[in-house]
**Q** 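Before I ask anything, here is the structure I am working with.
Residue numbers count from 1 along this sequence. Order of listing sets the numbers, starting from 1, for every ligand and every atom in it.
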Amino acid sequence: MAEVARKKVAVLISGRGSNLQALIDAAASPTYPAEIALVLSNIAEAGGLDIARGAGIATLTVSHKGKAREAFDAEIDAALRDRGIDLICLAGFMRLLTPGFVTAWTDRILNVHPSLLPAFKGLRVHERVIADGVRFTGCTVHVVRPEMDAGPIVAQAAVPVLDDDTPETLAARVLAAEHRVYPLALALTASGRAQVVGDRVVVEGAVAAQGMLVNPAG
Ligand code: GAR
């Protein structure tokens, strides 16, 4: 079988790295169109760095402390270019990237966010979802634009909000959805099936989900 040309991906993290783990697991398949070539963290103690080391993936810590945003981003940019990175996946990377950096990597940065964007941008998402009484939430993988949690949407999953949910139980259900959607979105992007057209992403050969979900059912 002909080998697929795998895109070189850097995953940027700040914490535990469960989405990183999901991407590593997906990329273990020889037919996956991306390889995780680098895991970069702004926090030296991030649990995701241990996950990367355990998987034999190169790691790098670039601390943001005491640096102007532009200087921090320039350091990251140089590290990524040095290693021939094609695509960047933000996976719980809790730093806002400068417009200069985002523009330099236009359409080559993905982010996962634990809500159905454009609803519930920012932090403390699950608390706000419960307080607002919405019946569905979910997760989004989108192409990064300079504004926080904004940009063309590659893929989303809907997750029901249950009456007895706490922010923790809801976060766990949404996180499981993130772990399914992020590998899918990266595969679509790395293979070229997902393309940014104007302000939207068009996915070649996508089959539309039929019907509707109702929560609560019945
Ligand atoms: C994930 O829930 C991700 O959606 C969220 O941080 C968590 C990281 O978990 N990101 C954001 O809120 C970005 N706006 P992980 O380190 O286990 O992947």
**Q** Can D165 and R173 be counted as an ion pair, charged N to O under 4.0 angstrom?
**A**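 Between R173 and D165 there is a salt bridge, with a charged N closer than 4.0 Å to a carboxylate O.
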**Q** Apply side chain to side chain contact (heavy atoms under 4.5 Å, CB included) to residues L40 and I13 and explain how you reach the verdict.
**A** CA-CA 6 Å; L40 188 153; I13 62 166; over 6 Å; no
**Q** Should the ring pair H64 and F72 be called parallel, tilted or perpendicular, given that the plane angle runs from 0 to 90° and is split at 30 and 60?
**A**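 Perpendicular.
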**Q** Pairs under 3.5 Å, N/O atoms on ligand 1 and on the protein: can you put them in a table with the distances?
**A**
unit_1	atom_1	unit_2	atom_2	d
ligand 1	2 (O)	E178	OE1	3.2
ligand 1	2 (O)	E178	OE2	2.9
ligand 1	4 (O)	E178	OE1	2.7
ligand 1	4 (O)	E178	OE2	3.3
ligand 1	9 (O)	R16	NH2	3.1
ligand 1	14 (N)	H113	ND1	3.0
ligand 1	14 (N)	D149	OD1	3.2
ligand 1	16 (O)	G17	N	2.8
ligand 1	17 (O)	R16	NE	2.5
ligand 1	17 (O)	R16	NH2	3.3
ligand 1	17 (O)	S18	N	2.8
ligand 1	17 (O)	S18	OG	2.5
ligand 1	18 (O)	S18	N	3.4
ligand 1	18 (O)	N19	N	2.9
ligand 1	18 (O)	N19	ND2	3.0

**Q** Kindly indicate whether the side chain of L90, heavy atoms from C-beta on, has any atom under 4.5 Å from the side chain of V112.
**A**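 Contact flag for L90/V112 side chains = no.
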**Q** Could you check whether D107 pairs with R145 (Lys NZ or Arg NE/NH1/NH2 to Asp/Glu carboxylate O, under 4.0 Å)?
**A**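 A salt bridge links D107 with R145.
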**Q** Kindly state each residue pair satisfying salt bridge (Lys or Arg N to Asp or Glu O under 4.0 Å) with at least one member in residues 197-218, sequence neighbours excluded.
**A**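 Of all non-adjacent pairs touching residues 197-218, none passes salt bridge (Lys or Arg N to Asp or Glu O under 4.0 Å).
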